[in-house]
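Structure first, commentary second.
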Amino acid sequence: MNIAVFSDSKQIASSFTHLQEKKGFTLSVYPCDTLKSRIKELEKSVFIYVDLSLYEEGERVRTLRYLAGRKGLHYGIVDPKGAIKDVALLFFSGASDYIGKELLREGMSTARMKKALLTVQKQLAETKDRALTPVSSALIPSGKSWKEIKSGKEYTFSLMFIELDHHGEFRKNLGEDLINAVTSSFKKLVEKRMVMDGGRIWIWNDFGGLILFPFDGVECAAVLSCFRLMLNRKLIHAEELPCRVPFSFRIVLHIGNTVYRQKGKTGTLVSDSINSIYHLGKKFARPGNFYITKEVFRYIPEKLKPYFLSAGEYEGFAVLRMKLPL
Amino acid sequence: MKLRLDDSEEYYDMRVSGWLVHLTTRALAESMDIRTMTHLVRKMLPNYDIYKRTGFPSNIAIPNKNAAQQIVSDLKQSALLLPFINLLIEIGDTGFMGRRYKVPHLREIVAEISKAGFVYDSEFKLFVEDPFVRKTSNWGVLRESEEYIFTLLRLDIVGNSDLVRKHSQELVQSTYTDLRIIVQSAVEKRNGRLWNWEGDGGLGAFYFSQKNNAAALSAIEITHELFIYNHLFCKLEVPVRVRIAVHSGHCQFRHKFEEFNNDTLKQTIEMESKYTPPDTVTFSSNVYTMLDSHIAEQLTPLKTGQQLMLYSYALRWEEGQS
């Protein structure tokens, strides 16, 4: 396994050097400011670690967004100051490992690193080989409403990823107040519509998040909420946004299992379904579009099916895209 | 006692609380002298004579408080208290006859009125119905036979006779009820009013705020919701199709819809029946020119074969087969 570490700290770099002596590992260390230029040169099979300790908050967020946006990149985050508050969100955004301050203090054992890197290798292989396994074989329907859903238990939900497009541009072109006005209006309008249809915002960061809908194993009611949102997107832009900014969002809808925990208590949650939907949303979905996985397609009303076109496969998931209303 | 002789009793049909009377009396008494009060009240009640009303001899100065009490009481009985409060708010804002007045208690007055279901519209400078509390055809403020500029939304069901002939009355009725709910919800959520609904269509009206945008958004939303309804919920053998026209112009307000008879309404009906294809919304050019650019850019010019300039919206999809 080839490992590249981006760090300006000798101490951090030395935490990895013991791997150099182990069979099967090759290690390279680069300064942080070469991250973007090096990543383009490195092969996709190289696993990279990025040390965030010297980044200011804004730069850290931009770097994480950059890493999350690189297709096919396998990376881990080194966080010696413990600056990342929601570690699970890193994983949802595509990270494969996290080395925090505790681990750095105690020292990373070769066994631990081997395990982490083996998992990544396995993921790489699985992604290539994964045939679409029907969710139905492992369905744990959560029912039609939230009444029966208990914290700490696993259920099958309709998982909806939604995020504003081009938010990198927002940072460049809009002031902080305007960004706050747009993002808070966006969250409100999503919340208003989704709550009305039985959904709940579960995880939310500045520009988007994950909404859960109960799934009864019979039909995916959430598809109608998303369909309606796409249909009315231009009306929403004209009517509900506080200013004239480019407004576009992308949605991914998937059916999958996860342990349910209350909003705000999802920090340590590990779920393959949630990872998958974040990967689809962040790395696959094109701006302004609504995608569903084949799993969802099975459960949508027959008369809506002609409005979805095949959009290929990603990480083993067959994906369909909603035709756009013009 | 009625001091006013016109027919606008529905105007500001609001229950006036004792606390509101008290606050208004204080606001009036504490902000101006009797001469100014009289000038002001004569804007509502011409020839108002404060001495006659209070019974004070004309050679004796009336205390401010007594005069204010009498004026507020008379205005209340004439259902003119709210328009008078509009005036007080305006005076507090811009002054009166070249002089500035600091009118106290206005915030408390507005809060008290909002409890009764009216909110202050700063654009129109008057109190209108709070749509979350009540909805009447005149928004609580328009007066019978007075002329206003409305934006009208006319909707007609295509092939109504065929639908009625081919389906049971019960099924047609429940479908039309569903359609009415769609239309009413789209219109009323934008502070419009559904003035009329008959078997095969209806008429919505918009008066306040961005009325052209509100009517256009309602019309477009109706076509979207109808698309979903036809695909998922409609029990008829064929989809429900509608023609919608949106037009703006002068209209005399009437509480009874049957008494509406004016050119704007006739033009709207003509736009809908003559020039609007099924599943389409048409907009007159005077509505189009007032639209927000995000809405206007979704419309396309419609060929009418006449000099009449119309624009249309129809739901279209990108090409491609699943």
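So that the names make sense, note that chain A is the first sequence line, chain B the second, and so on, each numbered from 1.
The structure places CG of B:L232 at 11.5 Å from CD of A:E302, a figure rounded to the nearest 0.5 Å. With rounding to the nearest 0.5 angstrom, the OG1 atom of B:T223 is 7.5 Å from the CG atom of A:L231. We find the CZ-CD distance between A:R228 and B:E221 to be 8.5 Å, quoted to the nearest 0.5 Å. Note: A:K303 NZ to B:I228 CD1 = 13.5 Å, rounded to the nearest 0.5 Å. Between the CG atom of B:L217 and the NZ atom of A:K234 there is a distance of 13.0 Å, given to the nearest 0.5 Å.
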Dump the intermediate steps for side-chain contact (heavy atoms from CB on, under 4.5 Å) on B:Q298 and A:L326, then the final yes or no.
CA-CA 8 Å; B:Q298 297 181 58; A:L326 300 174; over 6 Å; no

Should A:E239 and B:H294 be marked as a side-chain contact (heavy atoms from CB on, under 4.5 Å) after you check the CA-CA gap, both sets of side-chain angles, and the distance that decides it?
CA-CA 9 Å; A:E239 195 167 27; B:H294 283 81; over 6 Å; no

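Side-chain rings of B:H231 and A:Y307 approach one another, their centers coming within less than 6.0 Å.
Between A:F227 and B:W317, the ring planes lie tilted relative to each other; the angle falls in the 30° to 60° range.
Listed by chain and number, the residues in a side-chain contact (heavy atoms from CB on, under 4.5 Å) with B:D279 are B:R241 (sequence neighbours excluded).
In this structure, the side chains of A:N232 and B:E225 come closer than 4.5 Å at one or more pairs of heavy atoms.
A salt bridge is absent between A:K323 and B:E319; no separation between the charged side-chain nitrogens and carboxylate oxygens falls under 4.0 Å. A salt bridge links A:R321 with B:E318; the closest basic N to acidic carboxylate O contact falls under 4.0 Å.
Neither the backbone nor the side chain of B:N213 has a heavy atom closer than 4.5 Å to any heavy atom of chain A.
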